[in-house]
2 protein chains.
Amino acid sequence: MDKNSAVAAGRQPKVVGARSLVEAAYATIRHDILDGTLAPGLKLRFEMLRERYGVGASTLREALTRLVGESLVTSEEQRGFRVAEVSLDDFADLTRARKLIEVEALRQSILHGDDAWEGVLVGAFHRLSKVEEKLATGAPELRDDFEERNRDFHYALIAACPSRWLKHMHGILFQQSERYRRLSLAAKDESRDVHAEHKAVLDAALARDVDLACRLEAEHIDKTLQLLSRRFAPKT
Amino acid sequence: MDKNSAVAAGRQPKVVGARSLVEAAYATIRHDILDGTLAPGLKLRFEMLRERYGVGASTLREALTRLVGESLVTSEEQRGFRVAEVSLDDFADLTRARKLIEVEALRQSILHGDDAWEGVLVGAFHRLSKVEEKLATGAPELRDDFEERNRDFHYALIAACPSRWLKHMHGILFQQSERYRRLSLAAKDESRDVHAEHKAVLDAALARDVDLACRLEAEHIDKTLQLLSRRFAPKT
DNA sequence: ATATCTAAAAATCTCGAAAATTCGTTGACA
DNA sequence: TGTCAACGAATTTTCGAGATTTTTAGATAT
């Protein structure tokens, strides 16, 4: 009754929790794209992918199709798959859309959240704080950890929003944002205190100050775009 | 250089414009789900699907994965695929989310739209009107036509919105709405003049009356939900 | 009756090779 | 020198069988 017994000996998925090779391949490729290991625009040839991820063509094809659905991969009929391109324009557009949706979800979440929600939220913030501390001392191997906990915190903020569809939309946009964050912020910005931003949003949410929390969250979302714009389009 | 020469003799895709069997299968299954031909909750067994759509398991799997990405199909690891369930609650949630996004997209579209946009919009409205007329005389075989032109009209309304992501989100939600509309409104409601609703939105958009257009569009989106709620949860 | 186990049946998942298409090079011709 | 067709190589797409897992049904025991 091993958790991965579903998969024959010699081809266990490398990803914990994966119950099939498709899911394992999907998770790994997804990680490598968010990571930048598979660079934007890269042609994804099946021979290369088979060698790298050790699964068959059909399995890869299914994993890639899933990533196309998340706009992390693009496909052109009979011409294969590519890692989705990135651009500052796209990130600006993405950020606006994400603000619209995440702020509305946060508003509803604060209005509906109960004590249990607060508990989970405080816990997520705590775990995020811990990894932020360690990351500040310069430990780049914690990058994955940070992103996971950052995601958990932001998800926890809107967890009490009763709209499944709003949360679904948010998930799509958040993942895209995560990609831009990871691709661009390998070098972190000294002028920014992310922890303080998170703390401010948390406090406003716990105080049930809807307008303040939403304003802070919107500013928080905007911040990465502003820093990136400054770096890649410096008018000075 | 036939348009479908990509596919071997004996297995041409049944769908015009499809350049691969995966795409043809995807389009056909998608249609059958929106249609209700494949009922909500139905278990999608590969043997049944292979017989019905005439393609191999891997091909089907890829088509279904694509539909999972659009939330028209659900999947559980090692337990196959099912047609996504429907519920009044889900439709209510969906409608609220769609209002948020479609109204914002419409607002931006009206602000950015130029003469070319107006032209396409007026054309789409005209084509929609024509099929509405014919449909009113009772011609149920025009259902597909109506849905296509209705979709074209709504897409044309927001076409000038500069945000790709907002339009992407809208597309997902609109498709879901289309499913509910088709599943429930086979019997059309006499008390509703859809044509008048569309005309009112069009006029407000052309008059660049942003607030009015958005209000009318929101009411238009709400209307189907209201009628459905009344029918399936009648308190009288 | 209910629960537990086991084997057979049914279904899903995966692979590798064949089929189909696109890409890239060569050579004929203007 | 430039264009284009033809041909071979590279790549994508598809299939169907076999491996793996889940489900069903029957038998046994509590």
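Predicted, not measured: the structure shown is a model, and the values here were computed from it. Atom set for the values below is all heavy atoms of this structure, side chains included, hydrogens, waters and symmetry mates excluded. First the proteins, then the strands, lettered A, B, ... as listed; each starts at 1.
Comparing A/Val55 and B/Gly80 by the nucleotide of DNA chain C that holds the closest heavy atom to each, the one mapping nearer the 5' end is B/Gly80. When each of A/Val22 and A/Arg79 is assigned the nucleotide of DNA chain C with its nearest heavy atom, A/Val22 is the one assigned upstream, toward the 5' end.
Here the P atom of nucleotide C/dT22 and the CZ atom of A/Phe81 are 15 Å apart, to the nearest Å. Atom CG of A/Leu21 is separated from atom P of C/dG16 by 11 Å (rounded to the nearest Å). Computed from coordinates, the A/Glu23 CD to D/dT20 P distance equals 19 Å when rounded to whole Å. In this structure, A/Arg82 places its CZ atom 14 Å from C1' of D/dT12, rounding to the nearest Å. Here the P atom of nucleotide D/dC15 and the CZ atom of B/Phe46 are 13 Å apart, to the nearest Å. One interatomic measurement links the two molecules: CD of A/Glu62 to P of C/dC15, which rounds to 11 Å at whole-angstrom precision. Atom CD of A/Glu47 and atom P of C/dC15 are 16 Å apart (whole Å).
Taking only side-chain nitrogens and oxygens, B/Arg50 never comes nearer than 4.0 Å to OP1 or OP2 of D/dC15. For the OP1/OP2 pair of C/dT12 and a distance below 4.0 Å, the side-chain nitrogens and oxygens of B/Lys43 include at least one atom meeting the criterion.
Electrostatic pairing of A/Arg164 and B/Asp90 does not count as a salt bridge here, judged by no charged N lying under 4.0 Å from a carboxylate O. Checked for salt-bridge contact, B/Glu76 and B/Arg82 miss the test: no charged N lies under 4.0 Å from a carboxylate O.
Within the nucleic acid shown, A/Leu60 has no heavy atom closer than 4.0 Å to any nucleic acid atom. Using a 4.0 Å heavy-atom criterion, one finds that A/Leu44 contacts the sugar-phosphate atoms exclusively. Nucleic acid contact class of A/Thr59 (heavy atoms, under 4.0 Å, all strands): sugar-phosphate only.
Relative to the side chain of B/Arg45, the nucleotides C/dT12, D/dT11, D/dT14 differ in distance, and C/dT12 lies closest. Considering only side-chain atoms of B/Gln78, the nucleotide from D/dT22, C/dA17, D/dC15 that sits closest is D/dT22. Looking at the side chain of A/Arg19, the nearest of the listed nucleotides D/dT22, D/dT14, D/dG16 is D/dT22. Here the nucleotide nearest the side chain of B/Ser58, chosen from C/dG16, D/dG16, D/dT14, is D/dG16.
For B/Glu132, the side chain to side chain donor-acceptor pair (under 3.5 Å) partners at least two apart in sequence or on another chain are B/His195, B/His198. Every residue two or more places apart in sequence or in another chain that forms a side-chain contact (heavy atoms from CB on, under 4.5 Å) with B/Val131 is listed here: B/Leu128, B/Leu142, B/Asp145, B/Phe146, B/Arg149.
In this structure, B/Tyr155 OH and B/Ser109 OG are separated by 13.5 Å, a value rounded to the nearest 0.5 Å.
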